[in-house]
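Accompanying notes for the structure given below.
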Amino acid sequence: MPTTPKLIRGYEVVIGLENHVQLSTQSKIFSGSSTAFGAEPNTQASPVDLALPGTLPVLNRAAVERAIRFGLAVGAKVAPLSIFARKNYFYPDLPKGYQISQFEIPVVQGGAVEFFVGDVKHKVNLTRAHLEEDAGKSLHEDYQGQSGIDLNRAGTPLLEIVSEPDMRSAQEAAEYAKTLHALVMWLGICDGNMQEGSFRCDVNVSVRKPGEPFGTRREIKNLNSFRFLVDAVNYEVNWQIDEIEDGRKISQATVLYNPDTGETRAMRSKEDSADYRYFPDPDLPPLVIAPEWVERVKGEMPELPSVMAARFESADGLPAYDATMMTQSLATARYYEAAKAAGATPKLVANWVMGEISKRLNASGAEIDAAPVGPALLAKLIARISDGTISNNAAKQVFEALWSGESTDVDAVIEAKGLKQVSDTGAIEAILDEVLAANQKSVDEYRAGKDKAFNALVGQAMKATKGKANPALVNELLKKKLG
């Protein structure tokens, strides 16, 4: 982790994240109501979700197993005993008047998440991850001067993941959130749909002069886009610095980000834990997790991204950064392994995935498993580079044709576009003789020790062959002739 964070206007930025991860169970955390998204308002809220008199919550075992899975993945302690508590506050979409959560003893304790910012590796420590129920949803757009309340979401299981304040820039925070987002989907504990609220980010931001105690934090609530996260943090940081520079104190608050204006604005003063009057929920016994349960869950888990990346480093010879990029999602890892299994060189697969493929996927917003150029097709293209049939530049033209749907046959594109590389030694030597005869000045300069003259001669040779000559062969033969 970098020891000297980049300062903004002379201030150090301090960031911690709280992520609400909606767990992929079919029913709610304390009732049998469906968690399916998109139902008609208030059709999936049972008497238990509303805490009507005479009802009792019953803990969903599948939600606990997903929490265990996460704890194991981040190297945390899975608590053998944890406690559910009531977090008391009033809000129209909280019919109980309290939220069932965990306070003093959470189910997951500690752990860490590692990720790259550029090619620099970072590590963020986790404080905890605890199980809780979601609230309902207030709807404002469709009601003139009023609000509607949809309680379908009330009682949906959440895992709230709380980091330490270890991040020092908006970009770090975004890369941490992306890594966490990829991990929970990899583990199968969350569908990761940010537009539907399955993965939400609350970002705590403060600033301080280097070496001073932490400043007063403000919490930006419910960010559902990594780009918004970066923009919101950058705006908030500069706002806080402006306030301090103008002699005003920062007050602890919950703020909202408006993507239309690019600004944050205070929603309410920020509560401390004492304001919620936590106490153990009298209707729920302590959650006891036996070691055998943890071991069973561990045995059912997929290979973790960090373990897979280490395997790609040791078995395939990938650099650490490349290996991490190949495991940024399960779909990416599967694509890489499929292309490799089809005979492609691992490093070349990684280069294409991180380069041309990522560029096009980012532009279209598509996922890699929907890429028009599948792993087998990419492997065929790489094979034609490796065997000298086409150059790297020609390969990009072939790739473009494959991606646009012009063809699904690598060899057919090479033939149709006349991209086949000239690797005939005799033919290239004849061309080189003509180039040397026509460029005596460059020959003399090279023999006088000017290396740039060699590149000029290579350029002339490639021009004479309309870029079709094998560059490596041109270099090799030219050096022999000049030697």
Side-chain angles (χ1 to χ4, degrees), residues 1-21 87 89 91 112-113 115-118 120 122-128 160-181 194 197 199-276:
M1 198 168 180
T3 53
T4 52
K6 182 181 176 183
L7 302 182
I8 296 180
R9 295 165 59 187
Y11 288 81
E12 182 182 40
V13 180
V14 179
I15 301 170
L17 260 70
E18 299 170 16
N19 289 89
H20 292 86
V21 175
K87 179 181 181 181
Y89 66 97
Y91 211 71
V113 173
F115 55 95
F116 279 89
V117 178
V120 179
H122 290 254
K123 177 181 177 180
V124 167
N125 294 299
L126 303 182
T127 309
R128 59 191 282 152
E160 181 173 346
I161 303 164
V162 183
S163 84
E164 290 289 310
D166 287 348
M167 289 154 275
R168 296 294 178 267
S169 72
Q171 196 58 47
E172 267 185 66
E175 292 304 324
Y176 162 80
K178 287 178 186 177
T179 302
L180 198 62
H181 180 251
M194 298 180 77
F199 185 91
R200 311 194 292 271
C201 304
D202 296 346
V203 188
N204 291 289
V205 182
S206 65
V207 298
R208 64 176 176 180
K209 287 289 187 179
E212 290 186 354
F214 286 149
T216 301
R217 63 188 169 88
R218 302 213 316 166
E219 182 182 26
I220 311 171
K221 291 288 287 185
N222 290 333
L223 294 167
N224 65 351
S225 147
F226 301 123
R227 181 169 63 84
F228 291 168
L229 191 157
V230 171
D231 293 345
V233 169
N234 285 333
Y235 178 86
E236 178 66 23
V237 165
N238 282 290
W239 182 88
Q240 289 189 24
I241 293 172
D242 286 343
E243 291 292 294
I244 293 168
E245 294 287 294
D246 289 343
R248 292 186 286 272
K249 287 188 176 181
I250 304 297
S251 298
Q252 189 167 305
T254 298
V255 305
L256 295 176
Y257 173 68
N258 185 339
D260 295 327
T261 63
E263 299 175 340
T264 57
R265 61 176 177 82
M267 181 172 65
R268 60 175 182 264
S269 60
K270 174 68 178 170
E271 302 87 351
D272 285 316
S273 59
D275 297 317
Y276 290 116

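In what follows, every heavy atom counts, from backbone to side chain, and hydrogens, waters and symmetry copies are set aside. None of these values were measured; they are calculated from a predicted model.
By the 6.0 Å contact criterion, CZ on Arg9 is enclosed, its count of non-hydrogen atoms from other residues, nucleotides or ligands being greater than 12. Within a 6.0 Å radius of OH in Tyr91, other residues, nucleotides and ligands contribute 12 heavy atoms or fewer. Atom CZ of Arg227 is surrounded by 12 or fewer heavy atoms from other residues, nucleotides or ligands within 6.0 Å.
Between the OH atom in Tyr235 and the CG atom in Asn258 there is a gap of 10.0 Å [rounded to 0.5 Å]. Taken to the nearest 0.5 Å, the NE2 atom of His181 stands 11.0 Å off from the NZ atom of Lys178. Taken from CE in Met167 to CZ in Phe115, the straight-line distance is 6.5 Å, to the nearest 0.5 Å. Within the model, atoms CD1 of Ile241 and CD1 of Ile8 stand 6.0 Å from one another, a figure rounded to the nearest 0.5 Å. Considering CD of Glu175 and CG of Leu180, their distance stands at 12.5 Å, rounded to 0.5 Å. Summarising the geometry, atom CG belonging to Leu126 is positioned 7.0 Å from atom OG belonging to Ser163; distances are rounded to the nearest 0.5 Å.
Exactly one residue among Glu212, Gln240, Glu245 makes a side-chain hydrogen bond (donor to acceptor under 3.5 Å, both in side chains) with Tyr11. That residue is Glu245. The side-chain hydrogen bond (donor to acceptor under 3.5 Å, both in side chains) test with Glu12 is passed by exactly one of Lys6, Lys209, Arg208: Arg208.
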Taking it one step at a time, do Arg200 and Asn224 satisfy side-chain contact (heavy atoms from CB on, under 4.5 Å)? CA-CA 5 Å; Arg200 311 194 292 271; Asn224 65 351; 5.8 Å; no
Just do the side-chain contact (heavy atoms from CB on, under 4.5 Å) check on Val203 and Ile15 with the steps written out, would you? CA-CA 7 Å; Val203 188; Ile15 301 170; 3.5 Å; yes
Is there a side-chain contact (heavy atoms from CB on, under 4.5 Å) between His122 and Val124? Walk through the geometry before answering. CA-CA 7 Å; His122 290 254; Val124 167; 5.7 Å; no
Check the pair Thr264 / Arg218 against side-chain contact (heavy atoms from CB on, under 4.5 Å), numbers first and verdict last. CA-CA 10 Å; Thr264 57; Arg218 302 213 316 166; 3.9 Å; yes
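Closest approach of Pro210 to Gly10, counting heavy atoms only: CD-O, 3.6 Å. Annotation for Ala170 and Val230: closest pair CB-O, 3.8 Å, computed over non-hydrogen atoms. Across all their heavy atoms, Ala174 and Leu229 have their closest contact at N-CD2, 3.9 Å. Here the shortest heavy-atom pairing between Phe199 and Ala177 reads CZ-O, 3.7 Å. Minimum heavy-atom separation, Ser206 to Arg217: CB-CA, 3.8 Å.
When side chains are defined from C-beta on, Leu223 does not count as touching Asp202, because their heavy atoms never get closer than 4.5 Å. In this structure the side chain of Trp239 never reaches within 4.5 angstrom of the side chain of Glu263, judged on heavy atoms. Within the 4.5 Å cutoff, no side-chain heavy atoms of Met267 are placed close to those of Val255.
Looking at Asn204, its side chain never comes within 3.5 Å of a backbone N or O of Leu17 through a donor-acceptor pair. In this structure a side-chain-to-backbone donor-acceptor pair under 3.5 Å is present from Asp166 to Asn125.
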